[in-house]
Amino acid sequence: MRLSKAFGKTLREAPSDADMISHQLLIRANFVRPLAAGIYTFMPFGYRVIRKIWKIMSEEMDAIGGQEMWMPNLHPASIWQATGRWHTVDVLMKVKASGNREYAISPTHEEVVTDLALREISSYRDLPQMVYHISKKFRDEPRARGGLLRLREFIMKDAYSLDTSEAALDEFYPKMVQAYFNIFNRCGVPVIAINADVGAMGGKTSQEFVVPHPQGEDTFIACTNCDYAANVEAAEFVREGEKPAELMPLQKVATPDCKTIADVAAYVGVPTSQTIKAVFYWWTPSGKSEKDGRLVFGLVRGDLEVNDVKFINALGGGSLRAATEAEIQAAGAVPGYASAIGLDVAPALDKPGVYVLADTSIEAGGNFVVGANETGYHYTGANYPRDFNVSQIADIAQADTGHKCPHCGHPIEARRAIEAGHCFKLGTRYSAATNATYLDENGEPQLIYMGSYGIGLDRLMAIIVELHHDEDGIIWPDSVAPYQVHLLHVGKGDRARETAESLYTSLQNAGFEVLYDDREASAGVKFKDADLIGIPWRVTVGERGVAEGKVEVKRRDQKDRVMVPLDELITYLHTAAST
RNA sequence: CGGGGCGUAGCUCAGCUUGGUAGAGCGCUCGGUUUGGGUCCGAGAGGUCGUCAGUUCAAAUCUGGCCGCCCCGACCA
């Protein structure tokens with residue numbers, strides 16, 4: 001490609017609203033252009049990178065038996081209604097067409113694969129299968145952000161496995177995980193695989209592939225000693241603290257103007273870990289409307305926080321919002337001074353009373369300070385189960401820096417990260433909803449076991465730039481660089497230009513992808529652009545070198561420059577590129 | 001959806017407090033100059049100041065609504 005003919009140009013300054021380095025550099029270097037929030041055009045350079053990533057993904061998927069295909073983006077509402085996700089996936093884009101037809105614009109493709117499985121898979125002889133495609137996805141994100149990090153329209157590689165049984169799925173799954181590591185490694189992106197919450201995808205278990213990054217939107221927990229790592233929504237930790245040998249009597253004390261845990265602990269003179277915090281949610285079961293929900297009273301030790309996702313999972317799904325003051329009072333509790341003492345505790349979710357969901361931490365410690373359900377008063381010496389009852393005890397507290405690892409007991413820490421990919425063991429979540437079955441060896445219908453595995457290509461491209469750049473610009477790893485060689489000529493005379501012209505042809509004939517800066521611009525401009533665009537090899541043709549029959553070769557990621565005889569250039573690049 | 005910031009030339013921004021003929025740098029066009037790290041000089045083109053309404057003799061500037069964009073939070077295969 002001749003730079004003089006390229007569509008678009010590099011920018012000296014990035015748009016002021018580009019916050020992340022990858023966003024700034026990809027715009028400045030002419031790889032992408034914004035159309036609207038979360039919607040970008042891939043310029044020719046950017047599209048070449050996407051194609052490189054695409055090829056790597058195809059190779060790794062094919063290597064484990066994947067078959068590449070291409071599924072539609074416009075989905076009839078019926079397939080989303082069949083799995084129940086028409087109303088539950090709130091980022092689902094919907095369009096109305098003439099007549100009364102409604103469509104979803106695909107945010108993901110479980111529904112289409114399930115529909116295909118229903119039609120194409122009839123016997124155990126048809127299984128296992130793994131299909132994948134790379135295509136656009138559309139999500140009505142409430143907030144696009146971080147340039148290419150969270151988009152409303154994006155490119156995803158999504159793969160789907162179909163198996164006869166859970167055991168078969170368990171056997172296949174590690175191959176996919178390994179393929180994911182291969183993809184990320186080949187793209188120059190070291191990832192950490194962590195256990196995660198399955199979220200709206202449903203299913204059993206999932207693993208997230210994350211890249212630690214201060215501007216990431218994910219928080220995950222990593223042990224400082226062993227290899228334990230998990231998304232904060234799934235991370236476990238040790239609840240430190242022992243039940244006291246001697247239980248104090250329950251005693252009501254005045255605690256004027258103590259509405260927060262910190263106030264109460266300071267006033268009474270105990271650590272926050274010797275208090276119990278009360279939180280109130282209005283919980284709506286999945287598939288129900290809000291009026292069919294109920295109040296859920298959460299209890300967690302005062303030094304900990306409730307994690308909403310863990311809370312929902314403990315209740316078996318659904319959604320949460322903060323309860324109103326009126327709803328709290330209707331349950332007989334007093335906001336700011338609430339506890340489970342004296343409440344009519346419901347024994348189960350379908351029974352009347354106040355449903356109290358407590359974290360396991362209420363058993364780690366004792367002689368707690370808790371609310372007295374009376375303004376201005378708390379109890380001291382509260383102990384479970386002597387003084388109050390709960391409906392359910394579960395892991396609902398958020399792990400954080402300083403807590404102890406559930407595996408080895410060493411300290412864990414919370415870190416921010418960008419999610420680069422996700423693997424889900426869906427199990428029969430979708431096949432059961434649509435009755436996608438096959439006939440086994442005995443002629444009995446059995447549900448198909450599914451898995452789904454996604455990586456965002458545009459997000460990956462942004463991550464690559466986040467990890468591979470310096471103050472001058474992008475430093476593309478060879479595997480995904482838009483071109484391999486950035487050829488340019490400097491100097492006044494014709495010889496450098498003529499030599500560069502002939503090199504442009506011979507390098508391409510030798511199989512190299514060449515970006516040729518043939519502009520009549522000053523050396524400084526050309527070097528700055530070369531650094532900004534970030535192609536691995538730079539070949540500079542200058543008058544002085546040409547006089548000696550040599551050109552200068554420099555790697556974008558290294559300082560040193562080498563003068564290489566013209567007739568050895570192709571051999572030199574071939575040799576260097578293969579080592 | 002809550003909090004904060006912003007919207008003036010293709011890009012970065014000044015002008016707004018105190019209303020009175022719309023500016024600079026970069027980029028672009030033309031001429032010259034320079035030629036190994038965003039040369040320098042000169043001449044140009046380019047803007048209904050996001051939008052709608054209000055106040056006023058007069059609005060980029062003051063007031064209100066709407067739209068758009070960015071960040072934090074909520075949310076998030």
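Computed from a predicted model, the values in this text were never measured in an experiment.
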_SB check R429(A) E110(A) (cutoff 4.0 Å)_ =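 No, this pair does not count.
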
*Could you note down all residue pairs passing salt bridge (Lys or Arg N to Asp or Glu O under 4.0 Å) where residues 482-500 of chain A supplies at least one of them, sequence neighbours left out?*
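Listed once each, the pairs are D494(A)-R497(A).
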
*Can you list every pair that meets salt bridge (Lys or Arg N to Asp or Glu O under 4.0 Å) and has a residue in residues 305-316 of chain A, with sequence neighbours left out?*
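Sorted pair list: K277(A)-E305(A), K310(A)-D395(A).
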
In whole angstrom, give the distance that lies between atom [atom1] of [X] and atom [atom2] of [N].
X       : N      : atom1 : atom2 : value
D308(A) : A74(B) : CG    : P     : 9 Å
R459(A) : C76(B) : CZ    : P     : 14 Å
Q215(A) : C70(B) : CD    : P     : 15 Å
D531(A) : G38(B) : CG    : P     : 12 Å
E141(A) : C69(B) : CD    : P     : 14 Å
K554(A) : G37(B) : NZ    : P     : 14 Å
D218(A) : C72(B) : CG    : C1'   : 17 Å
F220(A) : C76(B) : CZ    : P     : 21 Å

Hunt down the Watson-Crick or G-U wobble partner of [N], both distances under 3.5 Å, from any strand shown, or write none.
N      : result
G2(B)  : C72(B)
A9(B)  : none
C66(B) : G50(B)

For [N] versus [M], give the span between their [atom1] atoms, rounded off to a whole number of Å.
N      : M      : atom1 : value
C28(B) : G38(B) : C1'   : 16 Å
U21(B) : U61(B) : C1'   : 15 Å
U12(B) : C69(B) : C1'   : 16 Å
C67(B) : G50(B) : C1'   : 7 Å
U48(B) : C16(B) : P     : 23 Å
U56(B) : C71(B) : C1'   : 37 Å
U51(B) : G44(B) : C1'   : 32 Å
G31(B) : G36(B) : C1'   : 26 Å

Of all the nucleotides listed ([options]), which has the minimum atom distance to the side chain of [X]?
X       : options                : value
R145(A) : C13(B), G38(B), C72(B) : C72(B)
V525(A) : U39(B), C69(B), C76(B) : U39(B)
D17(A)  : C76(B), C69(B), G38(B) : C69(B)

*Which heavy-atom pair separates L457(A) from M57(A) by the least distance, and what is that distance?*
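Shortest heavy-atom separation between L457(A) and M57(A) comes out as CD1-SD, 3.6 Å.
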
*asked:* Under a 3.5 Å cutoff, is there a donor and acceptor pairing between the side chains of W80(A) and E102(A)?
replied: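 Distance-only check fails for W80(A) and E102(A).
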
_Polar side-chain contact R150(A)-C76(B) base: donor and acceptor under 3.5 Å_ =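 Such a pair is found, so the answer is yes.
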
When we call it a touch if two heavy atoms are under 4.0 Å apart, what does [X] touch: a base, just sugar-phosphate, or nothing?
X       : result
R28(A)  : base
P142(A) : base
D529(A) : base
G146(A) : sugar-phosphate
Y453(A) : nothing

_Under 4.0 Å protein heavy-atom contact, by nucleotide of nucleotides 24-36 of chain B - B base, S sugar-phosphate only_ = -BSS-------BB

*Reading nucleotides 2-7 of chain B 5' to 3', which nucleotides get B (base under 4.0 Å from a protein heavy atom), which S (sugar-phosphate only), which -?*
------

Go through the structure and list residues passing ring pair (Phe, Tyr, Trp, His ring centres under 6.0 Å) with [X], not counting sequence neighbours.
X       : result
Y47(A)  : none
Y132(A) : none
W476(A) : F31(A)
F280(A) : F297(A)

*Starting at the 5' end of RNA chain B, which residue's closest nucleotide do you reach first, T10(A) or I155(A)?*
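Its nearest nucleotide lies further toward 5', so the answer is T10(A).
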
*Comparing A14(A) and H23(A) on RNA chain B - which has the more 5′ nearest nucleotide*: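 By nearest-heavy-atom nucleotide position, the 5'-most residue is A14(A).
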
*From E413(A) CD over to D400(A) CG, what is the distance, rounded to the nearest 0.5 angstrom?*
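Going from CD on E413(A) over to CG on D400(A), the span is 10.5 Å.
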
*asked:* In terms of relative ring orientation, are H109(A) and H75(A) parallel, tilted or perpendicular, with 30° and 60° separating the classes?
replied: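 Perpendicular.
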
*Only counting residues at least two apart or in another chain, list the ones meeting side chain to side chain donor-acceptor pair (under 3.5 Å) with Q207(A).*
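If we apply the side chain to side chain donor-acceptor pair (under 3.5 Å) test to Q207(A), skipping adjacent residues, the hits are Y173(A).
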
